[in-house]
Every structure is written in C-alpha cells, then in structure tokens.
**Student:** 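Attaching a single structure in structure tokens format; questions to follow.
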Number of protein chains: 2
Amino acid sequence: MPLRVLGIDPGFDRCGLGVVDLQGATPTWVWHGCVQTSAKDDFSTRLQQIRDGVTMAIRVHRPAAVAVESLFFQKNVTTALQVGMARGVIFLAIADAKLPVVEITPNQVKQGISGYGGADKKQMQQMVQRLLKLSAPPTPDDAADALAIAMVGGLLARHPRR
Amino acid sequence: MPLRVLGIDPGFDRCGLGVVDLQGATPTWVWHGCVQTSAKDDFSTRLQQIRDGVTMAIRVHRPAAVAVESLFFQKNVTTALQVGMARGVIFLAIADAKLPVVEITPNQVKQGISGYGGADKKQMQQMVQRLLKLSAPPTPDDAADALAIAMVGGLLARHPRR
C-alpha cells in the first residue's frame, strides 16, 4: 500500500501544498496547491486561511504523514517572526489532525530531488515535473517545492537515518 | 458596564494570561494564569497547549477584547521563530473566537503602568498588585505582565490614539 504524504512549503504570503503517493521509492502525483494570503487582510485572517488550507488538504487527501520544510536561516528577525506565525498554525493544524510530522531542511530537499544542493527554483520545478510525469512544471514554485518536500520527506519517514 | 479585557504576554515556554474589568479607567482584577509548556514535549503539543490555554481563558471569562504584547526586537532569529509560532496560534485562537485584538509594545505597557519605561520585572509586579488591590504580587511575572497588558491595552482600545 502506498504511503501518502502531504508536503508543506511554509510561508505567510504563500504556503505551498503538495500530496504524493510513495510506492517504495516511486512517487505518484496526487494533488498540489498553494494558499495565497493578501497583505490587505489583517494577519489573524491570514493565519486562519493558512490553517484552513492545511486542514482542508488533510481532510480531502487523508495523508498518513506530513513533511514540512524547516527554515532556520531567515533573512531577518521580522521575517522570522512572520514565518514563525505561519509555521505555528501549520504545526497546530497537523497536530489537531493527529498526524506525524517530519521536518526536512531545504538542502535535504534539493539533494533528494536533484542530487546536489544548488538547484534553483526553475530546475526544481522541472525535476519535480519529470519525477511525477506531469505534462507541465507545477506552479507556483511554492507548490512544486511542496511536492518535492513530500517526496523527500516521505522517503525519510520510511527510511529514517540516525 | 465594564470592559472586560484579556491580556496576553506571548511566549513559547510561558504564556502569561490576565483578565481585568475596566470601569472607565478603574481596573478590577478578574483572573490571571500562565500556560507553561515543557521542553520535554514536542512543539506541536506545546502549540496545542498554548492555543487551548487562550481558548479556555476566552470561554471561561468571556472578554470583549484581547490585548497582546508585540515583540519586534527578539534576541535572535531562532527565538523570533519560536515566539512567532506561539504568537501565530495565539492570534488564531483570538480570531476563531471572533474577538478584536489590540497590540501594544512593552514600552507602552511599562509607561501606562508605571509612568516611565524603565520599570523592572519586580517593580511591574508591585505596580500591578497596587493597581488591582491584590494581597500579593501576581506570579509568575508573565501573569503580572499579562494583567498590565490587559489594563493598558483596554485603555488604548477605549481611547485609541492615531
């Protein structure tokens, strides 16, 4: 039975979501999307939108595990505080759904997908397209990242290294 | 009719909560407490505990408004990310309860309570004790801060300055 994984590229403005099935190491595309929030809305509303987006993706696609990209190196403290708020409600939504989480670094995602850590956004989208046999690169790049996070995170969840 | 305000001193390890009634500018103590989370628990659990603490305080005491201390100057990016996660679930809980929020800075709180911005933790606890006619300084200091945030935030909510 395949392992269904939801990948999340967490962000306050845009939060990428991607779902894949893993049969062994072979991934199959299930769904991808992106919660986009508007700076015109107050940030309580935006946090609700992020939480609702994650919760709906879990309810609709019923993943067995969730992989979230970790972001330790923020550009600045204000950005870290904002991304932290988004991450807080994302982890809360996952915990409320009683799902296990694996956190992976951007480098783990890039290395897992492209074999080296230096892939740019466009190369990542093309690799994700090829691996999931899609007719076009998934957009926006946040959603492509989320699919990559789901694929790599799912493999790490299945074959944990210590 | 008094304005009931919940004040929150947001934090990941300890989140202070305090409720006061404001009749004009005269505050009356209603309740204070503190959500303490343990580093032994995973942080999803800790985020749920913070959210549940805020939600329960709102359900039990039914404030008309919430005041949250803003923290723009974090010691470092890792701290900012953690405090951001706590703030995210706090604002989510407030938004889910459909309550208005006022954000106030630490300096606004200190100036509002003590007349000058340089009060230390102990002086703040004593001022809060005196203003609310309590038999002892409220503990822990996070809860005392939350009461101060509720008092000052409530006055700002009632007499907004532009």
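These figures come from a predicted structure and were not determined experimentally. Labels below follow one simple rule: chain letters A, B, ... track the order of the sequence lines, proteins then strands, and each chain is numbered from 1.
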**Student:** For a quick test of reading the model, state the closest non-hydrogen atom pair linking A:D96 to B:Q48 and the distance between them.
**Tutor:** OD1-NE2, 2.8 Å

**Student:** Minimum heavy-atom separation for A:L81 to B:V83, with atom names?
**Tutor:** CD1-C, 4.4 Å

**Student:** May I ask whether B:I104 and B:V101 are part of the same hydrophobic cluster, defined by side-chain heavy atoms of I, L, V, M, F, W, Y residues being less than 4.5 angstrom apart, directly or through others?
**Tutor:** no

**Student:** With only heavy atoms counted, which part of A:F12 is less than 4.5 Å from chain B, the side chain, the backbone, both or neither?
**Tutor:** neither

**Student:** Examine A:L99 and A:L22 and state if one hydrophobic cluster contains both, with Ile, Leu, Val, Met, Phe, Trp and Tyr joined whenever side-chain heavy atoms are less than 4.5 Å apart.
**Tutor:** no

**Student:** Taking only residues two or more places apart in sequence or in another chain, which ones pass side chain to side chain contact (heavy atoms under 4.5 Å, CB included) with A:D13?
**Tutor:** A:R46

**Student:** Measuring from atom CZ of A:F43 to atom CZ of B:R87, what distance do you get when rounded to the nearest 0.5 angstrom?
**Tutor:** 6.0 Å

**Student:** With a 4.5 Å cut-off on side-chain heavy-atom distances among I, L, V, M, F, W and Y, is there a chain of contacts connecting A:I8 to B:V89?
**Tutor:** yes

**Student:** Does A:I94 share a hydrophobic cluster with B:M85, counting links as ILVMFWY side-chain heavy atoms below 4.5 Å and allowing steps through other members?
**Tutor:** yes

**Student:** Atom CG of A:D52 and atom CG of B:L92: how far apart are they, to the nearest 0.5 Å?
**Tutor:** 8.0 Å

